[in-house]
Amino acid sequence: MKKKVLSLLLLVVMVMVTACGNNTSSNGSSANAGSNAVEGGETGSGDKLKVVLLIPGTLGDKSFFDSANSGLQKVKDELGAETKVVEMGVDKTKWEPTFNDIAAENWDVIISGGSEITEMFNATAELYPDKNSLTMIPI
């Protein structure tokens with residue numbers, strides 16, 4: 001299980017670096033929002049790997065978060081993971097409750113990023129030590 005999670009995290013980081021460097025474009029739609037299950041990509045218990053991306057903002061401006069969404073789509077397509085994208089919007093007061101709600105759910109990996117949410121994300125991760133989390137901060 002740990003090897004699969006580590007492999008997934010490595011893949012996400014590689015996709016993020018590649019996507020940011022290639023100036024990829026996105027159609028700007030939120031079609032990936034919600035749970036999207038596909039075949040394959042099972043965790044050690046036989047369940048599908050479940051990965052959620054929390055975006056402290058919105059999609060559609062071809063920014064870092066659109067690249068992260070593209071990376072999550074690759075995780076879904078290549079690993080068969082169940083994925084979900086949550087656009088938290090620009091109201092910072094809604095971010096912490098969203099982090100806590102998602103952390104309380106049954107996600108294997110929680111991904112987020114941005115310099116403004118790092119402390120909040122890490123504090124939430126400390127409350128849920130059984131979760132595999134990765135903070136991604138744009139360079």
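What you are looking at is a predicted structure, and each value in this text was computed from that prediction instead of being measured.
- When atom types are taken as modelled, the side chain of K50 and the backbone of N106 share a donor-acceptor pair closer than 3.5 angstrom.
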Would you please test F65 and E87 for side chain to side chain contact (heavy atoms under 4.5 Å, CB included) and show each step? CA-CA 10 Å; F65 298 124; E87 297 179 62; over 6 Å; no
Pair W95-S112, side chain to side chain contact (heavy atoms under 4.5 Å, CB included): steps then yes or no: CA-CA 11 Å; W95 293 355; S112 191; over 6 Å; no
Show your working on side-chain hydrogen bond (donor to acceptor under 3.5 Å, both in side chains) between Q73 and D77 and close with a plain yes or no. CA-CA 6 Å; Q73 184 62 44; D77 294 343; 2.9 Å; yes
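- Taking OG1 of T124 as the start and CD of E119 as the end, the distance is 11.5 Å to the nearest 0.5 Å.
- With a 4.5 Å cut-off on side-chain heavy atoms, W107 and I102 count as touching.
- Remark: D66 CG to L59 CG distance equals 5.0 Å, nearest 0.5 Å.
- K84 contributes atom NZ, which lies 9.0 Å from atom CG of L54 (distance to the nearest 0.5 angstrom).
- Here CZ of F99 is found 4.0 Å from CD1 of I117. Values are rounded to the nearest 0.5 Å.
- Remark: the backbone N or O of L49 is not paired with any side-chain donor or acceptor of E82 at under 3.5 angstrom.
- Taking CE of M88 as the start and CG of L53 as the end, the distance is 9.0 Å to the nearest 0.5 Å.
- Considering only heavy atoms from C-beta on, V85 comes within 4.5 Å of I55 through its side chain.
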